[in-house]
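Some notes on the structure that comes next.
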Number of protein chains: 2
Amino acid sequence: MAPTTQQPAEPAAPTRGKGRPRSAAADLAILEATRQALAELGWGGLTMGDVATRAGVAKTTLYRRWPSKNELVVDAMAILFDQLEVADMGSLQADVEAVVAQFADLLSRPETQAALLALFAEGSRDPQLRRRIQEQIVEPQKVLVQQGRANAQARGEMVPDEDEHAACEEIDIIFDTIAGTVEHRLLVSGRPVTQEWIHRFATLLLNAFPGTTC
Amino acid sequence: MAPTTQQPAEPAAPTRGKGRPRSAAADLAILEATRQALAELGWGGLTMGDVATRAGVAKTTLYRRWPSKNELVVDAMAILFDQLEVADMGSLQADVEAVVAQFADLLSRPETQAALLALFAEGSRDPQLRRRIQEQIVEPQKVLVQQGRANAQARGEMVPDEDEHAACEEIDIIFDTIAGTVEHRLLVSGRPVTQEWIHRFATLLLNAFPGTTC
DNA sequence: GCAGATACGCTACGACCAGTAGCGAAAGAG
DNA sequence: CTCTTTCGCTACTGGTCGTAGCGTATCTGC
């Protein structure tokens, strides 16, 4: 999921190479300050004025780059989702546990939770944004499932796919189950995702899906 | 989940049967107006003044019943989830399918999606709100899983629980899996939940959990 | 170097909203 | 008929988002 981020994250008026260029250092400082402030104060406590002060920047500078607080925070967080990867740990169970652990780790941070849910919420009201979310965040994550299956099949743990269409649907359902369960536990139920929980969940998951030959 | 709602939903100062009683019609109008406004405008766009206007009521009337915007919105949404019920359809599979269908039906309405996501998003920013969501919306839903298990055990489809603690954890994981998967498919992936999908999902679910004797 | 163009920091300001206070009037309870 | 409580209304405080206007700093093109 590495190539997901789009552009250098500033959707505001792009510089056109004439006068004084925008300070790249300010961008970094602002994004970092946003992450920090969000972690410390939570969404409700975070104010644009505070972010500006932390970044050593005027509040107006923030608004020259991001049209609103929402966009700023989402951009500050979006980078994090590109880090997920599925490594070949030697067995399907281990692979599933590893990727669930990464996913859970990412979603355990309160800032990430707030930013992601804000994004989803806004997306539910704006079809265009919703499409972007799916193209840039949801779909890429499915590749993880596909790759995990491919690895398992290469290791002989799983019979190869016969029906292309059925396999595709199965990937959908697996993806929704993994992502949905972890998200629900962390974002809604508000319970932690421990190593033990991951193990139990992965075991159940492998029980549920036939086609594994181990 | 019918017997879940506590009191007539007004946690504010309860009437003590002396003077003019509170208008029940106003309550309904306010809650309905809240849901509508939340779906239309999102959390940020929803204002107490607007809700009051939509409900044909003074803003002060809102604050006489609910101490803050948070409480009002939680109450307005919680009602929707009180309608879920687990009926004894004769088999565990049928019971699961029935309750999933109800849940999916509820979450299929775009207004509900928008409103619920707005609530979750805000909850991730405000710990107090988050606790209320859990107490009033999440926890009560677990009763559905408990009751489904009890029914299955009474029918002899499932062995009775031996370890209380283990059973409790299993209920947690089942609940997160069902709710999370359906929510993710509808709210994030944006794909429909058909009868056929429900059937496949329920089948997988029963595969995953041992202890069923059929 | 020297213009022109643009970003920057600063201060001040408008707009909006959560939540409160106090009033007279309305509507039930006993 | 009286007493109690709710109701709508208006006005208010405090805080935040987001903008406007200004003088200054910094870079590009010539």
Side-chain angles (χ1 to χ4, degrees), chain A residues 8-31 33-34 37-38 40-76 114 118 122, chain B residues 8-30 33-34 37-38 40-76 118-119 122 125-126 128-129 132:
Chain A
E10 291 103 280
T15 315
R16 261 225 272 285
K18 277 248 188 148
R20 173 178 178 178
R22 285 195 178 162
S23 158
D27 278 348
L28 292 182
I30 292 170
L31 291 170
T34 305
L38 199 56
E40 276 178 35
L41 311 167
W43 190 292
L46 176 136
T47 72
M48 294 297 263
D50 187 37
V51 170
T53 306
R54 285 171 189 252
V57 144
K59 199 175 64 161
T60 38
T61 299
L62 268 62
Y63 283 104
R64 280 194 196 97
R65 291 152 203 241
W66 288 274
S68 82
K69 180 171 158 178
N70 261 322
E71 273 83 3
L72 169 59
V73 175
V74 169
D75 269 9
E122 212 57 35
Chain B
E10 292 104 281
T15 315
R16 260 224 273 287
K18 273 241 189 153
R20 175 179 177 178
R22 285 194 178 161
S23 158
D27 279 346
L28 293 181
I30 292 169
T34 304
L38 190 59
E40 275 179 36
L41 311 168
W43 186 280
L46 175 132
T47 72
M48 295 297 264
D50 186 39
V51 170
T53 306
R54 285 171 191 249
V57 143
K59 197 173 67 160
T60 39
T61 300
L62 267 63
Y63 283 102
R64 279 194 197 97
R65 292 156 202 231
W66 289 275
S68 81
K69 182 172 159 177
N70 281 357
E71 274 80 3
L72 169 60
V73 175
V74 171
D75 273 7
L119 181 62
E122 193 60 24
R125 309 169 183 187
D126 177 350
Q128 264 196 319
L129 177 59
R132 283 199 49 131

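Computed from a predicted structure; not experimentally measured. Every chain is numbered from 1 and lettered A, B, ... according to where its sequence line falls, protein lines coming before strand lines.
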- Donor-acceptor contact present, side-chain R64(B) to main-chain R22(B), <3.5 Å: no
For [X] versus [Y], what's the shortest heavy-atom pair and its separation?
X: L62(B); Y: M48(B); result: CD2-O, 3.6 Å
X: V51(A); Y: A33(A); result: O-CB, 3.9 Å
X: A37(B); Y: R54(B); result: CB-NE, 3.7 Å

- Task: Please report how far the helix from dG1(C)-dC30(D) to dG30(C)-dC1(D) bends, comparing the axis fitted to its first five pairs with the axis fitted to its last five, to the nearest 10 degrees.
- Result: 30°
- Note, L38(A) side chain near R125(B) side chain (heavy atom, < 4.5 Å): no
- Message: Does L72(A) reach a base, just sugar-phosphate, or nothing at all? Heavy atoms under 4.0 Å.
- Response: nothing
Calculate the interatomic distance between [X] atom [atom1] and [N] atom [atom2]; express it in whole Å.
X: N70(B); N: dC17(C); atom1: CG; atom2: P; value: 17 Å
X: E122(B); N: dA18(C); atom1: CD; atom2: C1'; value: 13 Å
X: R65(B); N: dT5(D); atom1: CZ; atom2: C1'; value: 12 Å
X: L62(B); N: dC7(D); atom1: CG; atom2: C1'; value: 13 Å
X: D126(B); N: dA18(C); atom1: CG; atom2: C1'; value: 14 Å
X: D50(B); N: dC17(C); atom1: CG; atom2: C1'; value: 12 Å

- Message: Regarding dA26(C), can its base be found pairing with the side chain of R20(B) as donor and acceptor, where the two atoms are less than 3.5 Å apart?
- Response: yes
- Query: side-chain contact (heavy atoms from CB on, under 4.5 Å) between V74(B) and W66(B): does it pass, once the steps are laid out?
  - Reply: CA-CA 10 Å; V74(B) 171; W66(B) 289 275; over 6 Å; no
- Which residue lies more 5' along DNA chain D, comparing A26(B) with M48(A) via nearest heavy atoms: A26(B)
- Query: How does protein reach along nucleotides 8-13 of chain D, written 5' to 3' as B (base within reach of a heavy atom under 4.0 Å), S (only sugar-phosphate), or - (no contact)?
  - Reply: BB----
- Message: Taking 4.0 Å as the cut-off, does a side-chain nitrogen or oxygen of K69(A) come that near to OP1 or OP2 on dC17(D)?
- Response: yes
- Presence of Y63(B) side-chain N/O under 4.0 Å of dG19(C) phosphate oxygens OP1/OP2: yes
- CA sep, side-chain torsions, deciding dist, call: K69(B), E122(B), side-chain contact (heavy atoms from CB on, under 4.5 Å): CA-CA 11 Å; K69(B) 182 172 159 177; E122(B) 193 60 24; over 6 Å; no
- Does the pair Y63(A) and L72(A) meet the rule for a side-chain contact (heavy atoms from CB on, under 4.5 Å), with working shown? CA-CA 9 Å; Y63(A) 283 104; L72(A) 169 59; over 6 Å; no
- Which is it for V73(B) and L129(B) under the side-chain contact (heavy atoms from CB on, under 4.5 Å) test, yes or no, and what are the steps along the way? CA-CA 10 Å; V73(B) 175; L129(B) 177 59; over 6 Å; no
- Item | Of the listed nucleotides dA7(C), dC17(D), dA18(C), the one nearest the side chain of R22(A) | dA7(C)
